[in-house]
Protein chains: 2
Amino acid sequence: MAAARLRDVADRAGVSIRTVSNVVNGYAPVSDQKRERVEAAVAELGYRPNVMARNLKHGRSGLIALVVPELDVPYFAELARAVVTTAREFGYTVVVDQTDGEPDRERELIMRDGSAAMFDGVILSPLALSQTDLAQRDATSPLVLLGERIADSEYDHVTIDNISAARLATSHLIALGRTRIAAIGDQPYETGETAQLRTRGYELAHEEAGRLVDRSLVIPTHRFHFSDGAEATELLLAHPDGPPDAIFCYNDLLAIGAIRSILAAGLRVPEDIAVVGFDNIEAGRYHTPSLTTVSPDKPAIARLAVERLLARLSGDTDEAPAELWAGHELIVRESTVARQA
Amino acid sequence: MAAARLRDVADRAGVSIRTVSNVVNGYAPVSDQKRERVEAAVAELGYRPNVMARNLKHGRSGLIALVVPELDVPYFAELARAVVTTAREFGYTVVVDQTDGEPDRERELIMRDGSAAMFDGVILSPLALSQTDLAQRDATSPLVLLGERIADSEYDHVTIDNISAARLATSHLIALGRTRIAAIGDQPYETGETAQLRTRGYELAHEEAGRLVDRSLVIPTHRFHFSDGAEATELLLAHPDGPPDAIFCYNDLLAIGAIRSILAAGLRVPEDIAVVGFDNIEAGRYHTPSLTTVSPDKPAIARLAVERLLARLSGDTDEAPAELWAGHELIVRESTVARQA
DNA sequence: GATAGGCTCTGCATCGTTGAAATGCCGGAA
DNA sequence: TTCCGGCATTTCAACGATGCAGAGCCTATC
């Protein structure tokens, strides 16, 4: 049985198509008599509005795209969850797309015009997108970026204060009496701005404490996976001056990878080496030892991004593209402070 | 600037709308002369087909919905990734929705007709959906279920052989000489069919080895999160006969939670208690100790589900709803076999 | 030289819905 | 009794694309 159309309901109820539409949408006043007839017909035929037709008419799809590098990286999965939930509150549906870190796919996804790609707007967590790429975007649909502002981009972006977050993490290690604090995850090149800010925070914490930064303890990694953390830590363990006594990792996966290498080398966490992560993924809570980490306020990030996107969509906001800040906090767990046995 | 329409391109190129459409879609032969003019116009105006209009005309949206309980549970995140990737191969886009384990939301999402919900089809990983719910579905769009067949459901479903997978895991523990093997995650009620099959496999392995199952070592859990595993393990550690010497957990989160409780109690993994998980999530590889686990072939699951859904969509398949089986394998790691130091 | 046949190319109708404007109907005021 | 205002309801024309049928035109054939 083909799906019932407005037309079929109208025939059955003996009214015009428009009246059925009015009943369904509650737009215009309708007499009780006709309303009842229409509602009965709707129920009998199991009528459901055809969303695609409605979309065409409205020029809106009710879909927003969330583009992340990898959906199965816990941080992005948790963020995706928050975005999906928040968007639903506003009646929007989220299409999750992943770029697998391929610049081409990132480009492709943001370049497409909204009407072409059927999304009303895009929330993008860029990995390898350059300022030039963004400037070339000619799409008319709104775009909100997650993460650092890409220079003088003309788009809104939602982020946390990475400098102070990293400083917070590093200061925590300093306060614990650690003296040789390593950092894993620096990315000293164009698309690694977030990492660079964390390195800056790491340095600031040292300056504040009157310490010098030992550059040889800052290990860059191209990606932020377990294996990168494990490998970087191997390097640190083999440091000419001996292993550091603390490591600040730029995300939790790096940190868990780092802990793995440390334990494998027969050292203890946190007694020999304290480890701090970043992102506060769920797995860190139940890891042994549980992970001290910087927790960005993911629900806030999702909410800021969705709300700003929808504001742009409805044209409510004429403000210039802005930086929107979400909060963060340090969550201290066993990887820096051993629990009382 | 409003987005260019077929109409605008036609005007500019001095041809009919239909010809532009033909050029864009490559449907009909077009002379080189006109093709060039059209292509030039397309480029100048930055024309992009309006997907919503196309969808309306075709009666297809190119969207499939993937409905999972929780997007940030690693298994579902990894599965979602595979589904998104596979669907893209076929030109489909995936909308990820999560039910948060609420039966009402599950119902709502599958009940809606495809044309209403704008999805061409739905892939559902049900948590709390009963046979009755499914029978009441009146939607016309195809639905593929992930997980156990719900009785004589009229839908395709993709699963793995949970009985033999669980038997494999348990046999592994038996082969290691473990004698008191616990199980965490049984769900002895209607919607817990997958868990029940795993329990069955666990029992079979015992039977094969001529062992008796100690029912007091089978701990049910309502959910499959870290905390459930940790709590269930507390119970086991306090068992009147003393702790078991092995635990088979029905997913990796339970297993990691279990390991946490074991280590917190001052016992060792695997020396004192060996632990096996299920799902082979990425975090298990880098956990310390790394996690022995049953690895379902997620790419195969995704592929089977997507391909079957699309086959139903195109009407290629008249076959009765079937069970489609994906493979699995046991991955042995440190949580059952200590690595050579 | 007329006709058939093959190519391009165009116009019209349509997908299912909603915006805008027109219609019909009623009661109340003049 | 007539006219007007207000309300319920309907008609018409889109939204932007594609399926179909047929109109031109050009070449090949008898």
Side-chain angles (χ1 to χ4, degrees), chain A residues 1-39 41-42 45-62 112-120 140-141, chain B residues 1-39 41-42 45-62 112-120 140-141:
Chain A
M1 179 194 75
R5 300 159 302 164
L6 221 37
R7 174 66 193 264
D8 302 315
V9 178
D11 288 350
R12 181 165 191 112
V15 299
S16 76
I17 293 184
R18 203 60 184 73
T19 299
V20 179
S21 174
N22 285 336
V23 170
V24 171
N25 295 296
Y27 280 173
V30 175
S31 70
D32 289 348
Q33 183 204 8
K34 299 219 168 183
R35 156 165 288 114
E36 282 166 24
R37 285 229 304 280
V38 169
E39 281 169 352
V42 164
L45 296 174
Y47 169 77
R48 301 278 186 173
N50 180 317
V51 180
M52 294 186 287
R54 192 177 272 178
N55 289 346
L56 173 59
K57 192 66 184 158
H58 281 91
R60 293 271 173 91
S61 66
R112 280 199 213 143
D113 196 317
S115 72
M118 111 175 98
F119 307 128
D120 293 344
T140 57
S141 62
Chain B
M1 178 194 75
R5 299 159 303 164
L6 221 38
R7 174 66 193 263
D8 302 315
V9 178
D11 287 351
R12 180 166 192 112
V15 299
S16 77
I17 293 184
R18 203 61 189 75
T19 298
V20 179
S21 173
N22 286 336
V23 170
V24 171
N25 295 295
Y27 281 172
V30 176
S31 68
D32 288 349
Q33 183 203 8
K34 299 221 167 179
R35 155 165 289 115
E36 280 165 27
R37 286 232 302 281
V38 169
E39 282 169 353
V42 164
L45 297 173
Y47 169 77
R48 300 277 184 174
N50 180 317
V51 180
M52 293 187 286
R54 191 178 272 178
N55 288 345
L56 173 59
K57 190 67 183 152
H58 280 75
R60 293 272 172 90
S61 66
R112 278 197 217 143
D113 196 318
S115 72
M118 109 176 98
F119 307 128
D120 293 344
T140 57
S141 62

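Since the structure is predicted, the reported quantities are computational estimates derived from the model, not experimental observations. So you know, we letter chains A, B, ... as the sequences are listed, proteins then strands, and number each from 1.
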Open item on the list: Rounding to 10°, can you tell me the angle the first-five-pair axis of the helix from dG1(C)-dC30(D) to dA30(C)-dT1(D) makes with its last-five-pair axis?
Closed with: 70°

TODO: With heavy atoms under 4.0 Å as the rule, sort Asn25(B) into base, sugar-phosphate or nothing.
DONE: sugar-phosphate

Task: Closest non-hydrogen atom pair between Val42(B) and Val9(B), with its separation - done: CG2-CG1, 3.8 Å

- [ ] Quick one: list whatever passes salt bridge (charged side-chain N to carboxylate O under 4.0 Å, His left out) with Glu36(B), sequence neighbours left out.
- [x] none

- [ ] Indicate the atoms forming the closest heavy-atom contact of Ser61(A) with Asp120(A), along with that distance.
- [x] N-OD1, 2.8 Å

TODO: Find the distance Tyr27(B):OH to dT10(C):P and express it as a whole number of Å.
DONE: 19 Å

Task: Integer-rounded Å distance: dT14(C) P and Leu6(A) CG - done: 17 Å

TODO: Would you indicate whether the side-chain heavy atoms of Arg18(B) and Asn22(B) approach each other to under 4.5 Å?
DONE: yes

Task: Nearest-angstrom distance from the residue atom CG of Asn55(B) to P of dG16(C) - done: 13 Å

Task: Atom pair CG/CG of Leu45(B) and Leu6(B) - distance to nearest 0.5 Å - done: 11.0 Å

Open item on the list: From the set dA17(D), dT17(C), dT18(D), return the single nucleotide nearest to any side-chain atom of Tyr47(B).
Closed with: dA17(D)

Open item on the list: Once rounded to the nearest 0.5 Å, what's the spacing between atom CZ of Arg60(B) and atom OG of Ser141(B)?
Closed with: 11.0 Å

Check the interface with nucleotides 12-15 of chain D: list each N/O to N/O pair with the protein under 3.5 Å, or write none.
| residue | atom | partner | partner atom | Å |
| --- | --- | --- | --- | --- |
| dA14(D) | N3 | Lys57(A) | NZ | 2.9 |

TODO: Sugar-phosphate atoms are those with a prime plus P, OP1 and OP2; base atoms are the rest. Using that split, label each nucleotide of nucleotides 22-27 of chain D B, S or - for protein heavy atoms under 4.0 Å, 5' to 3'.
DONE: ------

Task: Rounded interatomic separation in angstrom, taking CZ from Arg60(B) and P from dG16(C) - done: 14 Å

Distances for protein N or O near nucleotides 7-9 of chain C N or O, under 3.5 Å:
| residue | atom | partner | partner atom | Å |
| --- | --- | --- | --- | --- |
| dC9(C) | OP1 | Ser31(B) | OG | 2.6 |
| dC9(C) | OP2 | Ser31(B) | N | 2.6 |
| dC9(C) | OP2 | Ser31(B) | OG | 3.4 |

Task: Close side-chain approach of Thr19(A) and Arg37(A), heavy atoms under 4.5 Å - done: no

- [ ] Take the protein atom CZ of Arg7(B) and the nucleotide atom P of dC12(C), then report the distance between them rounded to whole Å.
- [x] 12 Å

Open item on the list: Filter on salt bridge (charged side-chain N to carboxylate O under 4.0 Å, His left out), then keep only pairs touching residues 4-15 of chain B, sequence neighbours left out; what's left?
Closed with: Arg5(B)-Asp8(B), Arg7(B)-Asp11(B), Arg12(B)-Glu44(B)

Task: Heavy-atom pair of closest approach, residues Val30(A) and Arg35(A) - done: O-NH1, 3.3 Å

Task: Length of the line joining Arg54(A):CZ and dT18(C):C1', which is rounded to integer Å - done: 9 Å

Task: Nearest atoms (heavy-atom pairs only) where Ala13(B) meets Ala41(B) - done: CB-CB, 4.0 Å

- [ ] In whole angstrom, give the distance that lies between atom CE of Met52(B) and atom P of dT17(C).
- [x] 16 Å

